[in-house]
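First the structure, which I've put down as structure tokens, then a few questions once you've had a look.
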Amino acid sequence: MIRTDALVIGGGLSGLRCAEILSEKYNTLVISDGYGASPYIHGICIPLSDEDSVECFIGDTMKSGKYQSDRALVRTLCEGAQALAGEFEFDRREDGSYDLLRPLGSSVARVASIHEHTGSHVMADIGKRNRFEMKKLRALRLLVKEGRVCGALCYDRETESFVTISARCVCLATGGFGGIFPFSTNSSDIGGDGIAMAYLAGAALRDMEFIQYEPTAALSPAALLGKGVITTMLYEGATFRNGKGQPFLKAERVDKDVLSKAIYREILRGEATENGGVFYDATAVPRDILMQKYKSYYERYLNVGIDITREMMEVAPAPHTTLGGVVIDTTCQTTVSGLFAMGEVTGGLHGANRLGGNAGLETLVFGKIAGESAVAFLDADTAPLPQVADISCKNQPCDCAQIHTRVRKIAQNALGVIRNGEKLSRGKEELLSLIEALAPYLAESGCYAFDAMRAYNDALTILLTIESALARKSSLGAHERDDAIHEDERYTLYLAREQGLKKEILYE
Ligand SMILES: Cc1cc2nc3c(=O)[nH]c(=O)nc-3n(C[C@H](O)[C@H](O)[C@H](O)COP(=O)(O)OP(=O)(O)OC[C@H]3O[C@@H](n4cnc5c(N)ncnc54)[C@H](O)[C@@H]3O)c2cc1C
């Protein structure tokens, strides 16, 4: 058994940022199973131009999220942005002004970047001043005793055994769950564990039905499958063409959800490319702009023999960031004592559609807040820590690969860009029977089976997402139903283990 003051689950930017603060005062262990989505962050929103302001930023974020976002979380995000300009060296032009990109749905240029690789630069910066311990372990269950979270059951792939970690508080930073989908922009370490663990521990979830699709994920060549191509190029002259090479969309000033749906409809119309996508044509983007702002994309394609100044990219919408997740307040406290959450595993900030550049900003602003809140929690925590039993044991092999593959396919079929009640209900039924098939491997005592727990966590996460998508009978933002029933009321969907699914009416 491992003992620590604070356990941070996730080694992306949210987790690292939180651990950095926590480790100044407390023994902190960060566990992760990879680097998540954070290294791929191109840039983050910061209102730095003369025409921008915190209020304008709040307005754009609320509008982009279709006014479904938690306003207090949005204000915290936008007010927390500017301090970052003093902390990190963002790119500037020769005249000293910030070199900003304009994300889709934004009224001004606002995305600041560090040489197109903001995520990896900031992660390296935090790594240099790191005072916390890091281990490669995958968490599968949170340990809850006497109403508080006090550790986690984790898996060590190297020793093929389960490890118990006892902690006085846990900070959840496992990222989104887009990696469950067979075709997505996410890396394979991104799955449903975080959502499943939090839900099983009693934490409330919200907005699970909103999954943001990247309109422009590479379909070919195979070496680039799922790699997202930045959409800000649309402001520099890039366009879309269907399989026949015909332009089909005027993309100026639309949100990502609108773009994904338009591309998906063109594909459904039978005008797709050979591989079932469309062409993203950057040949009209002036060469100097391409080289100056998008060199990494140019080089990425050139490495596989495609010159994007002359040839088009074949793309299709793919799940990119998940917008729903664990309910938090502005201090990153969840609805369970001892459990904090931040970053993409949380819900409420982005509403029904995320403004480009806000997810990266979220990791830095809320990662810091989570660290500060966890420190305050530990400072005030004088009660003896409930003793957790050591449930470490060897892995029990199980033949669950087919079930897991099926779960991924259900996610893709039921939770596509455009959904309907029939597909969602069919997906739900099948998931329930797969979960039943996994039950014999999920013994709560004795030995655990890693593959079964992973498949179960992903299945549960998709089931909760489908439940929410079924409950929202109208279309809104990233949730589009072709059988939508128009309703005027605005509502937010909450899910909690004991209370089931609850609808809270919004009066905007
Ligand atoms: C290709 C790509 C490009 C993007 N570009 C941008 C951009 O330019 N701007 C922007 O604002 N946003 C961007 N996003 C979104 C943004 O990257 C993410 O929302 C953000 O990085 C999430 O950070 P996080 O720390 O919450 O999670 P992540 O960075 O995803 O990290 C999650 C961590 O948790 C670990 N983990 C997961 N499950 C477990 C488990 N069970 N046990 C232990 N560890 C676990 C993972 O290994 C990883 O270390 C992009 C996303 C992608 C996929």
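What you are looking at is a predicted structure, and each value in this text was computed from that prediction instead of being measured. One-based numbering, in listed order, for ligands and for the atoms of each. In what follows, residues are counted from 1 in the order of the sequence shown.
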*Which residue supplies the protein heavy atom nearest to atom 5 (N) of ligand 1, what is that atom called, and how far is it?*
Tyr40 O, 3.6 Å

*For ligand 1, which atoms sit closer than 4.0 Å to a heavy atom of Ala139?*
40 (C), 41 (N), 42 (N), 43 (C)

*Answer with side chain, backbone, both or neither: which part of Val345 has a heavy atom less than 4.0 angstrom from an atom of ligand 1?*
neither

*Evaluating non-hydrogen atoms only, which member of His350, Met197, Glu214, Glu344 is closest to atom 19 (O) of ligand 1?*
Glu344

*Closest approach of any protein heavy atom to atom 38 (N) of ligand 1, naming residue and atom*: Arg138 NH2, 3.4 Å

*Heavy atoms only: which of His42, Glu362, Lys136 is nearest to atom 8 (O) of ligand 1?*
His42

*Are side-chain N/O atoms of Glu344 and Thr346 paired as donor and acceptor at under 3.5 Å?*
no

*Of all the atoms in ligand 1, which lie at a distance below 4.0 Å from a heavy atom belonging to Ala173?*
32 (C), 33 (C), 34 (O)

*asked:* List ligand 1 atoms under 4.0 Å from Gly11, heavy atoms only on the residue side.
replied: 33 (C), 34 (O), 48 (C), 49 (O)

_Between ligand 1 and Gly356, is the shortest N or O to N or O distance under 3.5 Å?_
no

*Heavy-atom distance under 4.5 Å between the side chains of Ile308 and Leu290, does that happen here?*
yes

*Sole candidate of Ile2, Asp156, Val30 that passes side-chain contact (heavy atoms from CB on, under 4.5 Å) when paired with Lys135*: Ile2

*Among Gly176, Cys45, Ala37, Gly191, which one has a heavy atom closest to atom 28 (P) of ligand 1?*
Ala37

_is_close_aromatic(Phe340, Phe377), centroid dist under 6.0 Å_ = yes

*Location of contacts on Ile41 toward ligand 1, heavy atoms closer than 4.0 Å*: both

_Between Cys56 and Ser107, is there a side-chain heavy-atom distance shorter than 4.5 Å?_
yes

*Under-4.0 Å salt bridge between Lys293 and Glu236*: yes

*Just jot down the ligand 1 atoms closer than 4.0 angstrom to any heavy atom of Thr321, in number order.*
15 (C), 19 (O)

*Measure the distance from atom 21 (O) of ligand 1 to every protein heavy atom, then report the residue, atom name and distance (to 0.1 Å) of the closest one.*
Ser38 OG, 3.0 Å

*Determine, for cysteines Cys400 and Cys398, whether their SG atoms are under 2.5 angstrom apart.*
yes

_Could you check whether any heavy atom of Gly43 sits closer than 4.0 Å to an atom of ligand 1, since that is the contact criterion I want to use?_
yes

*With respect to atom 47 (O) of ligand 1, which of Asp189, Leu361, Thr322 exhibits the smallest heavy-atom separation?*
Asp189

*So, Asn353 and Gln212: side-chain donor and acceptor under 3.5 Å apart, yes or no?*
yes

*Taking only heavy atoms of Gly343, which atoms of ligand 1 are found under 4.0 Å from at least one of them?*
26 (O)

*Please report the closest heavy-atom contact between Ser296 and Glu116, naming both atoms and the distance.*
OG-OE1, 2.5 Å

*Using a 4.0 Å heavy-atom threshold (strictly under), name the region of Thr174 that reaches ligand 1: side chain, backbone, both or neither.*
both

*Are Tyr280 and Phe240 close enough that their ring centres sit under 6.0 Å apart?*
yes

_4.5 Å side-chain heavy-atom contact, Asp193 and Met453_ = no

*Under a heavy-atom criterion of less than 4.0 Å, does Ile44 contact ligand 1?*
no

*Please write down residue, atom name and distance for the protein heavy atom closest to atom 31 (O) of ligand 1.*
Gly12 CA, 3.5 Å

*Tyr155 vs Phe450 aromatic rings, parallel, tilted or perpendicular, using cut-offs 30° and 60°?*
parallel

*Close-contact set for ligand 1 against Asn186 heavy atoms, below 4.0 Å*: 53 (C)

*Provide the number and element of each atom of ligand 1 under 4.0 Å from a heavy atom of Arg354.*
10 (C), 11 (O), 12 (N)

*asked:* Any non-hydrogen side-chain atom of Leu349 less than 4.5 Å from a side-chain atom of Phe366?
replied: yes

*Carboxylate-amine/guanidinium proximity below 4.0 Å for Arg129 and Glu87*: yes

*Residue pair Leu200 / Arg497: nearest heavy atoms and the distance that separates them*: O-NH1, 2.6 Å

*Would you say Asp193 and ligand 1 have an N/O pair spaced under 3.5 Å apart?*
yes

*Taking everything shown except Arg3 itself, do over 12 heavy atoms lie less than 6.0 Å from its CZ?*
no

*Name the closest protein heavy atom to atom 35 (C) of ligand 1, giving the residue it belongs to and the distance to 0.1 Å.*
Gly10 CA, 3.7 Å

*Would you call Asp451 and Arg454 a salt bridge, taking side-chain N to carboxylate O under 4.0 Å as the test?*
no

*asked:* With heavy-atom distances below 4.0 Å as the criterion, list the atoms of ligand 1 near Ala359.
replied: 11 (O), 12 (N), 15 (C), 16 (C), 19 (O)

*Does Leu137 reach ligand 1, in the sense of a heavy atom lying below 4.0 Å from it?*
yes

*Provide, to 0.1 Å, the distance between atom 24 (P) of ligand 1 and the closest protein heavy atom, together with that atom's residue and name.*
Ser14 OG, 3.3 Å

*Does ligand 1 have a heavy atom under 4.0 Å from the side chain of Ile190, from its backbone, from both, or from neither?*
side chain

*How are the rings of His121 and His117 set relative to one another: parallel (under 30°), tilted (30 to 60°) or perpendicular (over 60°)?*
tilted

*Heavy atom of Gly194 under 4.0 Å from ligand 1?*
no

*Of the side chain and backbone of Thr185, name the one, both, or neither that has a heavy atom under 4.0 Å from an atom of ligand 1.*
both

*In the protein, what heavy atom is nearest to atom 20 (C) of ligand 1, and what distance, to one decimal place, separates them?*
Thr363 CG2, 3.8 Å

*Whether Arg141 lies under 4.0 Å from ligand 1, heavy atom*: no

*So which heavy atom in the protein is nearest atom 10 (C) of ligand 1, and how far is it from that ligand atom?*
Gly360 N, 3.4 Å

